[in-house]
Undergrad: 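My questions will all concern the structure given below.
Below, each value reflects all heavy atoms present in this structure, side chains not excepted, and no hydrogens, waters or symmetry copies. Below, read A as the first sequence line, B as the second, and so on, with proteins coming before strands; counting in each chain starts at 1. Computed from a predicted model, the values in this text were never measured in an experiment.
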Amino acid sequence: MGYEFDFSAVLTDQYIGWLLSGIRITLMLSAGAWLLSFAVGTALAVLRATNFKPAVWLVATFVEIHQNIPLLVQVLFWYFAMPEILPEAWRDWLNQNNSEFILAMIAIAMCHAAYISEALRSGLRAVPVTQYEAGRSFGFSYLQTMSYIVVPQALRLSIPPLVNHSLLLFKNTSIAMAIGVHELTYQTRQIDSDTFRTFEIFLVATILYILMSFVIMAAGNLAERRFGMGAR
Amino acid sequence: MISFENVNKWYGPELQVLNDVTAEVNKGEVVVLCGPSGSGKTTLIRTINRLEPINSGKITVNGQETHAKSANVNRLRREIGFVFQQFNLFPHMSVMDNITLAPRKLKGMSRPEAEEKALKLLARVGLEEKAGAYPSQLSGGQSQRVAIARSLAMDPPIILFDEPTSALDPEMVGEVLAVIKGLAHTGITMMCVTHEMGFARDVADRVWFLDKGVLLEDAKPGEFFSNPKHPRAQRFLADLRH
Amino acid sequence: MWEIIQNNWTLLLVGQYPNGPLGGLVATLLLAMAGLALAFPVAITIAVARISPYRPIRLVAAGIVHVVRGMPFLMVLFWSYFALPVLIGRPLSGFWTLVGALVLYESAYLAEVIRAGIQALPKGQEEAARSLGFGYFRTLFLVILPQALYNSLPALIGQFVSLIKETSLGYVISVNEFTYAAGQLNSQLLVQPVEVFSILAITYFIVCFTLTQSARWLEQRIARSRQGGPGGRAAQTLPNPLATEPMP
Ligand SMILES: Nc1ncnc2c1ncn2[C@@H]1O[C@H](COP(=O)(O)OP(=O)(O)OP(=O)(O)O)[C@@H](O)[C@H]1O
Ligand SMILES: [Mg+2]
């Protein structure tokens, strides 16, 4: 190809600083959205498990909406449209407090909460009814049966999809660059337009992403082996 | 036609499933292979067409050493019909296509020719009217009869059965055994793993008794049933009668 | 909202077409279809390689899948944006840049769907074909793949939905597609973001939800046809749904 790779041009102190701050934002965004999505996702799954008609319907609607609209569109909606709908005071607060980051985090978290609640639900449904019946026949109450027998099994069954969606969530934080969050992909493009060393900087960024993804995959494997259904 | 010479097979370092098996099946003969569960019957019959590899020894089919590196396993398998316990019909194809697939693709037979042949085979197993059906529309007994017809479509000189009736509801066992009986002594060499001792008594030329991978008996059915030599075979027969 | 749709429906549907490049919702659907069609053969190859009897082939295929799954789609898109033209030696339109990225990314995910479909088939299917005398590849193409692909049809539709959602990222590199059109419209109108992005979101929802529902319907039908009879043991388990659903 005749292309001369020159990593020294992109790995100066300044650009390493940009990269590091990009990684920091990516990780913060991932961690924040991850915690929020697990909290909301769990709440949704519990709500749905009540089998109370309106609650079930509400959760199902939430899930379908978030699963059938591109995440980027959800992010754009939160960024461009939501502030118009929100009360004045909230808008002001957002504008003073790094609104891109917060809105991107919420958008990503809500979208993935839908997937997480579905992962938990499929785990619950995969526990055989006989397990529940066995619990009740010991004389456990509904809540005891759920918390000692059904939910622990359901959680174990849900580990693979939960890991999978954690990885996707991490990768999807890159979408936040579209509204100007200074995460890793954003910084990569900045360095690119500063140096024109496109191949070098994207190679570095790609490797960084893959390394972080591999850490998540490895953690997932560990969790699966430690707590999964096959674990002993 | 089929000969085993000191055949040994292990699963892992511990479990020896075939232990120095030496025996012979002559052309046109019917051999019934029996033995307790886990004794290695399935394994033994699957080594003949190399669905299972062996660790040592020699298996010869029709003069060809089947486990030799140089053996053309696909050509060899065309000569050996195999009928599975679970039928294994191709669910995405009609009965007709299940039967004609191999003759058309492997022998280059034209479709009309292959279908004519298939209809004859279906008549032989009593299922002419099912040519257009799909496997999901057949009963277990019908499925197994189609599977037999599928194996026969390649005109194999040898046909092997691995417990062809044990996945069937009791009322369907008879129809399948009748088809297999009809095949016996028509010149085709046949080996059948089964627990149907009535069938063995009526049809088999010889009965082999396998236990823990050792071929303990190789006898005429009359001899085997009235006077089994080995205590284990005696116990096996006693258990079956209960 | 109606007014916006009335005044701008051609922009949202087909972009500047026929006076300029095709864009809008039609471009989005074409992008997704082209991506799926081209990713499909690649995915089958990777899936087959992933369960090859030869270890080196398995390892290479697994490596490809893991690396791609470790990359955000946006990174793949940027690679396609600047590396693909260098690789093929001529400039590439935005449309084909995005298709290139979709093929690269989705091949890995589709491959896992197809692999799950293959591995869910009972071992007896392969053994029956091999016993008749079919070789490895004929067994694969005549017996295994037709069943595996049919059984994973619902998952494949789900994957198509993922592709549609991924095309929205064309927005970032200014590819003429639906989200980009809406973005243009938003900056034209300036003061109606709620309306514009609602139209965008609702339209995506209608398209994707229809597809998701048809996938569910198909899944039930296939599950029922599988229980059709004792001979109908096409597959005992559904293709692993966990392998699917990459997102944006
Ligand atoms: N793939 C395998 N890996 C390890 N062990 C195996 C495998 N297949 C079979 N075995 C073991 O080999 C032994 C013989 O199995 P085989 O299926 O040949 O017995 P069988 O006589 O056909 O029994 P059955 O009457 O139950 O069908 C058994 O102990 C079985 O557990
Ligand atoms: Mg057996």
Undergrad: Could you give me the CA-CA distance, side-chain angles and deciding distance for A:Phe199 and C:Val86, then say whether side-chain contact (heavy atoms from CB on, under 4.5 Å) is met?
TA: CA-CA 11 Å; A:Phe199 282 86; C:Val86 174; 4.0 Å; yes
Undergrad: Which atoms of A:Leu167 are under 4.5 Å from chain C, going by heavy atoms: the side chain, the backbone, both sets, or neither?
TA: side chain
Undergrad: For the atom pair CD (C:Gln192) and CD (A:Glu84), what is the distance rounded to the nearest 0.5 Å?
TA: 10.5 Å
Undergrad: Restricting to non-hydrogen atoms, name the atom on C:Val172 and the atom on A:Ala178 that form the minimum distance, rounded to 0.1 Å.
TA: CG2-CB, 4.3 Å
Undergrad: Mind ranking C:Ala182, C:Ser198, C:Gly89 by heavy-atom pairs under 4.5 Å with chain A and telling me who comes out on top?
TA: C:Ser198
Undergrad: As a quick check of understanding, evaluate side-chain contact (heavy atoms from CB on, under 4.5 Å) for C:Tyr171 and A:Leu76, giving each step before the final call.
TA: CA-CA 11 Å; C:Tyr171 170 88; A:Leu76 294 177; 3.9 Å; yes
Undergrad: Do other residues, nucleotides or ligands put more than 12 heavy atoms under 6.0 Å from the OH atom of C:Tyr81?
TA: no
Undergrad: Please evaluate residues A:Thr185 and C:Phe78 with respect to the criterion side-chain contact (heavy atoms from CB on, under 4.5 Å), reporting the C-alpha separation (whole Å), side-chain torsions for both, the decisive distance (0.1 Å), and the verdict.
TA: CA-CA 10 Å; A:Thr185 308; C:Phe78 284 126; 3.7 Å; yes
Undergrad: Roughly how far, to the nearest 0.5 Å, is CD1 of A:Ile175 from CG of C:Leu169?
TA: 4.5 Å
Undergrad: Give the minimum heavy-atom separation between A:Ser213 and C:Gly70, together with the two atoms involved.
TA: OG-O, 2.7 Å
Undergrad: Where does C:Val68 contact chain A at under 4.5 Å (heavy atoms): side chain, backbone, both or neither?
TA: backbone
Undergrad: What part of C:Met71 gets closer than 4.5 Å to chain A, counting heavy atoms only: side chain, backbone, both or neither?
TA: both
Undergrad: Which of residues 20-34 of chain A get closer than 4.5 angstrom to chain C, counting heavy atoms alone?
TA: none
Undergrad: Roughly how far, to the nearest 0.5 Å, is SG of A:Cys111 from NZ of C:Lys165?
TA: 6.5 Å
Undergrad: To the nearest 0.5 Å, how far apart are CG in A:Asn68 and CZ in C:Phe209?
TA: 6.5 Å
Undergrad: Can you tell me how far the CG atom of C:Leu74 sits from the OH atom of A:Tyr209, to the nearest 0.5 Å?
TA: 8.0 Å
Undergrad: Counting only heavy atoms closer than 4.5 Å, note whether A:Leu203 contacts chain C via side chain, backbone, both or neither.
TA: both
Undergrad: Specify which of A:Glu64, A:Met82, A:Met177, A:Met217 makes the most heavy-atom pairs with chain C at under 4.5 Å.
TA: A:Glu64
Undergrad: On the 0 to 90° scale, with breaks at 30° and 60°, tag the C:His66-A:Phe214 ring pair as parallel, tilted or perpendicular.
TA: perpendicular
Undergrad: Is there a side-chain contact (heavy atoms from CB on, under 4.5 Å) between C:Phe73 and A:Lys171? Walk through the geometry before answering.
TA: CA-CA 8 Å; C:Phe73 179 71; A:Lys171 296 202 295 174; over 6 Å; no
Undergrad: With a 4.5 angstrom heavy-atom cut-off, could you sort out which part of A:Ile65 is near chain C: side chain, backbone, both or neither?
TA: both
